[in-house]
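This one's a predicted model, so the numbers in the text were calculated from it and none came from an experiment. All chains are named by letter (A, B, ...) in the order of the sequence lines, taking the proteins before the strands, and each is independently numbered beginning at 1.
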Amino acid sequence: MKRTTIYLFIVLVGAGVTACSSFFPSKWNSDTVAVENSQSSVSAIDSLVFPYREGLKDEMNEVIGYCPQDLEKARPCSPLNNWAADALYFEYKEKLDMNSNCLVLLNVGGLRSRFNKGRLSVGDIYSFMPFDNIVVVVRMPMSALPDIERYLVASGGEPIANARLIGGKLIFSEQNTDADEFIILTSDYLANGGDKMTFFEKSLEKTDLGDLLRDVFLNQVKAQDTLKIDNTCRIHVD
Amino acid sequence: MWTKRKFLGDTLYLSGGVIVATQLGYTTLLGGKKERKLTILHTNDTHSHIDPFPVDDSKYPGRGGVSHRANLINNIRLQEENVLLLDAGDIFQGTPYFNKYGGVLEMKVMKALGYDASTMGNHDFDGGMEGFKTAQEYADFSFLCANYDFSNTVLTGLTKPHHIFNKGGIKIGVFGVGVELDGLVPKIKYEDTEYIDPIAIAQEQVEQLQKAKCDLIVCLSHLGYAYDNALKVSDYKLAQETKGIHLIIGGHTHTFLSEPTVLKNSEGDNVLVNQVGWAGLNLGRIDFVFEKGKNKGEGQLIEI
């Protein structure tokens with residue numbers, strides 16, 4: 001019995017000393033676990049979220065239109081890219097008298113979700129355009145056009161309307177070759193050089209239209225009812 | 001070493017020996033190995049996705065959602081003793097929850113899920129500096145940002161470069177690095193936040209954590225996985241151009257990796273780089289086995 005006590009004492013002291021020394025990672029193993037609705041939920045989390053979800057429900061669940069096909073953003077082009085850029089064009093073509101040498105330019109990175117075929121709710125548009133970006137109209141010198149063409153080629157394509165990129169050259173739907181400037185309708189984020197659109201530094205004038213880009217999308221879904229889809233590709237980099 | 005192991009083995013036959021061993025937290029003492037285990041769970045770019053995707057979603061039907069994530073985490077915590085739960089930034093922006101509540105719910109949820117630390121992503125600036133400050137008051141975990149200098153902003157003192165965790169005798173040093181904000185976030189949002197080159201800062205952080213005798217060094221990064229432009233700083237570059245980091249948990253590029261990428265650091269040692277997509281679709285899990293003593297260089301960190 002005495003021997004046991006001594007052994008135990010030595011074990012404890014030995015373990016105590018080694019517990020102070022450091023460890024090093026020798027092996028690893030990994031697992032990427034899919035989070036799925038087949039798993040149980042946790043009631044404490046559900047009750048935490050509940051009042052917030054209820055607060056959003058009525059406004060976000062309102063159905064405002066119909067999407068005739070699954071739509072996804074893509075490079076160089078996609079029907080969803082076209083729809084987003086067209087929404088700005090349709091909203092402002094008369095208000096701004098957008099005729100020759102005008103284009104709409106957005107960025108793929110700014111479109112934040114897809115549209116599923118079926119009913120579109122206010123919440124879907126919030127997911128698509130969560131940012132509080134404001135619509136801006138920018139007057140640009142014609143000398144900046146090659147910068148934009150190079151940008152579109154390098155990025156691999158962005159949503160545009162009322163123009164096409166063919167062989168790396170921008171062609172306006174209505175071209176005025178005599179003019180020495182052109183107009184871009186875009187967001188304040190991009191007009192201020194977001195997504196490295198540094199060519200906007202060459203702008204002659206920027207006018208904040210005061211409308212949220214998201215509100216333009218909401219208006220257009222309501223106005224179109226069934227979304228107007230253009231399946232053509234507007235971006236041809238080579 | 002052999003004598004001690006043999007000795008321990010003998011002792012286990014004696015009454016009380018097993019209890020002593022268990023109390024000391026050895027996982028595989030009977031095998032003669034003094035190993036310990038740590039489980040790191042991680043997310044990135046959850047983007048305010050509180051609810052699962054709708055069941056009729058064309059791409060991710062029924063996937064994600066914080067309640068189901070909580071369930072997975074709770075189950076792992078029941079099985080594993082030493083768990084660290086981390087996030088690599090872009091907690092905000094992506095659903096009306098952020099537009100309407102400014103990120104408060106995201107913080108409350110992360111607190112309830114038991115997050116240990118996070119770094120800041122570019123979208124975490126979307127509510128402005130005041131917006132982040134207000135939301136962050138609901139979090140009880142640290143925001144780790146080593147390469148943003150917030151001295152001239154309202155966030156000064158509210159984040160820190162690194163934090164050292166102690167889990168079952170293992171010291172884990174975690175530091176955070178973020179992406180360049182210029183051109184990505186409007187200046188009006190990040191105000192006078194100063195961005196500092198992450199690679200030099202990362203090496204400094206590693207040295208501080210090594211001095212503090214950390215057994216594992218983890219970097220929470222919102223730099224992005226890799227870029228075509230080889231000059232642009234990324235997790236790839238960070239892994240290859242530094243030494244001492246064991247694991248980089250990344251974000252920003254929404255990259256889906258089914259398992260960590262193993263890269264060689266500037267000294268030829270293995271570095272793990274992981275990222276699990278976005279929107280809380282996945283929970284990343286990496287288990288580490290630790291051995292006692294110092295790594296004398298003969299053993300690389302290897303996959304089991």
Side-chain angles (χ1 to χ4, degrees), chain A residues 4 7-8 10-12 14-16 18-19 21-46 48-49 52-53 55-56 59-60 70 72 112-114 116-118 122-123 126-127 130-132 188-189 192-198 214, chain B residues 4 8 11 14 16 20 24 36 50 52 57-58 62-72 74 93-97 99-101 105 108-109 112 169-170 183 186 213 215-216 246 258-260 272 276 280-295 299 301-304:
Chain A
T4 315
Y7 274 151
L8 208 57
I10 295 169
V11 167
L12 280 168
T18 48
S21 71
S22 60
F23 291 83
F24 69 95
S26 61
K27 286 174 270 183
W28 63 274
N29 199 349
S30 78
D31 191 12
T32 299
V33 193
V35 181
E36 292 172 314
N37 57 0
S38 55
Q39 286 137 7
S40 313
S41 52
V42 174
S43 59
I45 302 295
D46 293 337
L48 171 62
V49 172
Y52 290 87
R53 186 185 291 128
L56 289 179
E59 183 183 344
M60 293 302 154
D70 286 343
E72 191 154 16
R112 304 299 286 191
S113 68
R114 289 158 293 110
N116 293 311
K117 182 182 173 179
V122 172
Y126 267 84
S127 305
F131 313 121
D132 292 339
D188 59 339
Y189 170 72
N192 291 325
D195 233 356
K196 307 269 180 210
M197 292 199 180
T198 49
R214 181 172 55 243
Chain B
K4 200 192 278 167
L8 272 169
T11 316
L14 304 168
V20 170
L24 289 170
R36 291 189 192 193
I50 300 291
D57 187 82
S58 63
R63 288 280 303 279
V66 293
S67 190
H68 297 135
R69 195 197 316 162
N71 181 249
L72 281 174
N74 289 351
Q93 194 73 272
T95 71
Y97 283 109
N99 304 99
K100 295 290 171 185
Y101 306 119
L105 180 60
K108 284 185 173 179
V109 164
I170 305 288
K213 303 223 179 308
D215 303 308
L216 187 79
H246 297 104
S258 55
E259 61 170 20
L272 309 185
V276 291
L281 291 164
N282 297 306
L283 177 69
R285 173 179 182 164
I286 302 170
D287 294 290
F288 286 99
V289 174
F290 291 82
E291 287 178 34
K292 228 171 206 330
K294 293 262 180 252
N295 188 352
L301 185 55
I302 52 160
E303 187 174 4
I304 299 168

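- A/Asp132 touches chain B through its side chain: at least one heavy atom from C-beta onward sits under 4.5 Å away, while N, CA, C and O do not.
- Checked against the 6.0 Å centroid threshold, A/Tyr52 and B/Tyr101 count as a close aromatic pair.
- Only the backbone of B/Ser258 comes within contact range of chain A, with heavy atoms under 4.5 Å apart.
- Side-chain contact between B/Arg69 and A/Gln39: absent, with no pair of heavy atoms (C-beta onward) separated by less than 4.5 Å.
- Annotation: A/Lys196, atom NZ; neighbour count of heavy atoms from other residues, nucleotides and ligands within 6.0 Å is above 12.
- Contacts between B/Leu72 and chain A at a heavy-atom distance below 4.5 Å involve the side chain alone, from C-beta outward.
- When side chains are defined from C-beta on, A/Val33 does not count as touching B/Asn282, because their heavy atoms never get closer than 4.5 Å.
- If you measure heavy-atom distances from B/Leu281 to chain A, the contacts under 4.5 Å come from the backbone alone.
- Here the side chains of B/Glu291 and A/Ser26 are in contact, with some heavy-atom distance below 4.5 Å.
- Heavy-atom distances place both the backbone and the side chain of B/Lys108 under 4.5 Å from chain A.
- Contact of A/Asp70 with chain B is made through the side chain alone, with heavy-atom distances under 4.5 Å.
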(request) Kindly determine whether B/His68 and A/Ser41 satisfy side chain to side chain contact (heavy atoms under 4.5 Å, CB included), including the steps that lead there. (result) CA-CA 5 Å; B/His68 297 135; A/Ser41 52; 4.1 Å; yes

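- For the residue pair A/Ile45 and B/Ala112, the shortest heavy atom distance occurs at CD1-CB, 3.6 Å.
- Between B/Lys292 and A/Phe24, the shortest heavy-atom distance links the atoms O-CE2, 3.7 Å.
- The main-chain N or O of B/Asp287 is never found under 3.5 Å from a side-chain atom of A/Asn29 such that the two would form a donor-acceptor pair.
- In this structure, the portion of B/Asn99 lying under 4.5 Å from any heavy atom of chain A is its side chain and not its backbone.
- Among all heavy-atom pairs drawn from B/Phe290 and A/Pro25, the shortest one is CD2-N, 3.5 Å.
- Interface remark: B/Leu216 contributes side-chain atoms only to the contact with chain A (heavy atom separation under 4.5 Å).
- Counting heavy-atom pairs closer than 4.5 Å to chain B, the top-ranked of the candidates A/Ser38, A/Gly193, A/Ser40 is A/Ser40.
- Per-residue counts of heavy-atom pairs under 4.5 Å with chain A were compared for B/Leu272, B/Thr95, B/Ile50, B/Ile170; the largest is that of B/Leu272.
- Residue contact with chain B, scored on non-hydrogen atoms closer than 4.5 Å, involves the side chain of A/Arg114 exclusively.
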(request) Start with the C-alpha gap between B/Glu259 and A/Ser30, add the side-chain angles, then the distance that decides, and say whether side chain to side chain contact (heavy atoms under 4.5 Å, CB included) holds. (result) CA-CA 6 Å; B/Glu259 61 170 20; A/Ser30 78; 3.7 Å; yes

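- Side chain to side chain, A/Asp46 and B/Ser67 meet the donor-acceptor criterion of an N or O pair below 3.5 Å.
- In this structure, the side chains of B/Phe288 and A/Lys27 stay at 4.5 Å or more apart for every pair of heavy atoms.
- Here A/Leu48 contributes atom CG and B/Leu105 contributes atom CG; the two are 6.0 Å apart, rounded to the nearest 0.5 Å.
- Comparing B/Gly284, B/Gly280, B/Gly94, B/Gly65 by how many heavy-atom pairs each has under 4.5 Å with chain A, the most go to B/Gly94.
- For B/Val109, the parts lying under 4.5 angstrom from a heavy atom of chain A are both the backbone and the side chain.
- Annotation: maximal heavy-atom pairing with chain B below 4.5 Å, among A/Ser127, A/Ala34, A/Gly55, A/Gly194, occurs at A/Ala34.
- Within the 4.5 angstrom heavy-atom criterion, no atom of B/Pro52 approaches chain A.
- Rounding to the nearest 0.5 Å gives a distance of 9.0 Å between CG of B/Leu283 and CG of A/Asp31.
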(request) Verify side chain to side chain contact (heavy atoms under 4.5 Å, CB included) between B/Lys100 and A/Glu59, making sure each step is shown before the conclusion. (result) CA-CA 11 Å; B/Lys100 295 290 171 185; A/Glu59 183 183 344; 3.4 Å; yes

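- Looking at heavy atoms from C-beta onward, A/Trp28 lies in side-chain contact with B/Leu301 at the 4.5 angstrom threshold.
- In this structure, A/Met60 and B/Tyr97 have side chains that are not in contact, with every pair of non-hydrogen atoms separated by 4.5 Å or more.
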